[in-house]
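What follows is a set of notes on a single structure, which appears directly below.
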Amino acid sequence: MEESDEKEFNCIDEANAIIDDVKAHVAEIAISSKLDSSATQIYLNIRTIESATCCVQVTSRGFKIVSSQYDTIDEDKVLKAALLDNDDEGEPEEEEIFETPYALLDKISPRYVESFGNQLCQQLRQLQQMRTEFIEEDEEEEEEDDD
């Protein structure tokens, strides 16, 4: 990825948009107040509906779980990743980076999928109800015009 792509990424705006998008489907989500954010990365603390916690690094590359505890970067994972990058022998372990917060939550929270699906169904029902009301109003107007 080019350096210019990194600079165009606004972490705080991105983090706030993510929080707004998914807050209804997690128990808690907030920007870490203890880990340093920069122009190219920010950390989110997430507690799933199932009460699992994690700290997620958000960059222009995507979303990566860096620890199972709030405000923490698991140094063992960082060290292991660095060692694997330098190890030419064997298959390096893939560091899992999710393209979207939804893909990350889908992986770590089965009830996220259920919650998201329920919200979507509710919105579809509301849309169907609005459509039905609109059609009924239309039909009433046509009847009045025919009179």
Side-chain angles (χ1 to χ4, degrees), residues 1-140:
M1 187 153 294
E2 292 179 17
E3 195 174 346
S4 63
D5 290 343
E6 290 282 332
K7 288 179 182 170
E8 291 173 19
F9 179 73
N10 184 326
C11 286
I12 292 175
D13 288 348
E14 179 73 12
N16 285 323
I18 293 161
I19 290 168
D20 285 343
D21 270 358
V22 303
K23 67 184 173 189
H25 310 295
V26 295
E28 183 177 31
I29 183 168
I31 296 171
S32 173
S33 59
K34 295 181 180 174
L35 294 174
D36 289 334
S37 297
S38 70
T40 59
Q41 69 180 9
I42 198 163
Y43 294 90
L44 296 177
N45 292 321
I46 300 173
R47 184 164 35 94
T48 66
I49 297 170
E50 298 88 354
S51 295
T53 59
C54 63
C55 184
V56 176
Q57 178 189 50
V58 182
T59 66
S60 61
R61 291 179 60 209
F63 302 80
K64 179 173 70 168
I65 297 171
V66 293
S67 177
S68 61
Q69 298 176 5
Y70 281 3
D71 303 311
T72 308
I73 298 172
D74 188 343
E75 293 301 328
D76 289 343
K77 285 183 179 177
V78 174
L79 182 60
K80 187 176 179 183
L83 290 172
L84 287 171
D85 285 345
N86 294 330
D87 182 14
D88 292 335
E89 294 178 26
E91 288 286 316
E93 196 173 293
E94 268 302 305
E95 158 181 79
E96 193 158 17
I97 298 176
F98 300 90
E99 287 186 24
T100 67
Y102 320 109
L104 180 138
L105 287 168
D106 184 47
K107 175 85 174 196
I108 65 171
S109 176
R111 289 184 57 201
Y112 159 78
V113 176
E114 181 183 326
S115 175
F116 186 85
N118 287 342
Q119 182 187 35
L120 189 58
C121 286
Q122 183 180 7
Q123 289 172 336
L124 288 171
R125 278 193 296 272
Q126 288 172 345
L127 186 62
Q128 180 63 36
Q129 184 178 357
M130 287 171 51
R131 185 172 179 258
T132 301
E133 289 170 3
F134 182 74
I135 290 171
E136 288 171 355
E137 286 176 10
D138 230 21
E139 289 172 350
E140 287 174 6

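Numbers for residues simply follow the sequence, beginning at 1. The figures that follow rest on heavy atoms only: side chains count, while hydrogens, waters and symmetry mates do not.
Put simply, the side chain of Thr40 does not reach to within 4.5 Å of the side chain of Thr59, judged on heavy atoms. Ser67 places none of its side-chain heavy atoms less than 4.5 Å from the side chain of Ile73. Asn16 has its side chain within reach of Ile12: a pair of non-hydrogen atoms, C-beta onward, lies under 4.5 Å apart. Val58 has its side chain out of reach of Cys11: every pair of non-hydrogen atoms, C-beta onward, lies at least 4.5 Å apart. Two residues are said to be in side-chain contact when any heavy atoms from C-beta on lie closer than 4.5 Å; Ile31 and Ile19 meet this criterion. Using a 4.5 Å heavy-atom cutoff, the side chains of Cys55 and Leu44 are not in contact. Looking at Thr132 and Glu136, their side chains come closer than 4.5 Å, going by heavy atoms from C-beta outward. Looking only at side-chain heavy atoms (C-beta outward), Ile135 and Glu137 stay at 4.5 Å or farther from each other.
Here the straight-line distance linking atom CD of Gln123 with atom CG of Asn118 works out to 11.5 Å at 0.5 Å rounding. Interatomic distance, CG of Leu104 versus CD of Glu96, reported as 8.0 Å (0.5 Å rounding). In this structure, CD in Glu114 is found 7.5 Å from CD1 in Ile49, a value given to the nearest 0.5 Å. Put simply, CD on Gln126 and SG on Cys121 are 11.5 Å apart, with the number rounded to the nearest 0.5 Å. One distance of note links CD1 of Ile46 with OG of Ser32; it measures 11.5 Å at 0.5 Å rounding. Between the OG atom of Ser51 and the CZ atom of Arg111 there is a distance of 8.5 Å, given to the nearest 0.5 Å.
The stretch residues 47-59 participates, sequence neighbours left out, in these salt bridge (charged side-chain N to carboxylate O under 4.0 Å, His left out) pairs: Glu28-Arg47. Within the structure, salt bridge (charged side-chain N to carboxylate O under 4.0 Å, His left out) contacts touching residues 115-134 (residues at least two apart or in different chains) do not occur. Pairs engaging residues 11-60 under the ring pair (Phe, Tyr, Trp, His ring centres under 6.0 Å) rule: His25-Tyr112, His25-Phe116 [sequence neighbours left out].
When each of Asn45, Ile18, Asp20 is tested with Ile29 by the rule side-chain contact (heavy atoms from CB on, under 4.5 Å), just one qualifies, namely Ile18. The one candidate from Asp71, Val66, Thr72 that meets the side-chain contact (heavy atoms from CB on, under 4.5 Å) condition with Gln69 is Thr72.
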Exercise for the section: Could you walk me through whether Phe63 and Gln57 pass the side-chain contact (heavy atoms from CB on, under 4.5 Å) test, one step at a time? Expected result: CA-CA 6 Å; Phe63 302 80; Gln57 178 189 50; over 6 Å; no
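Other residues, nucleotides and ligands place more than 12 heavy atoms under 6.0 Å from the CD1 atom of Ile97.
Thr48 contributes no side-chain N or O that, together with a main-chain N or O of Val26, makes up a donor-acceptor pair within less than 3.5 Å.
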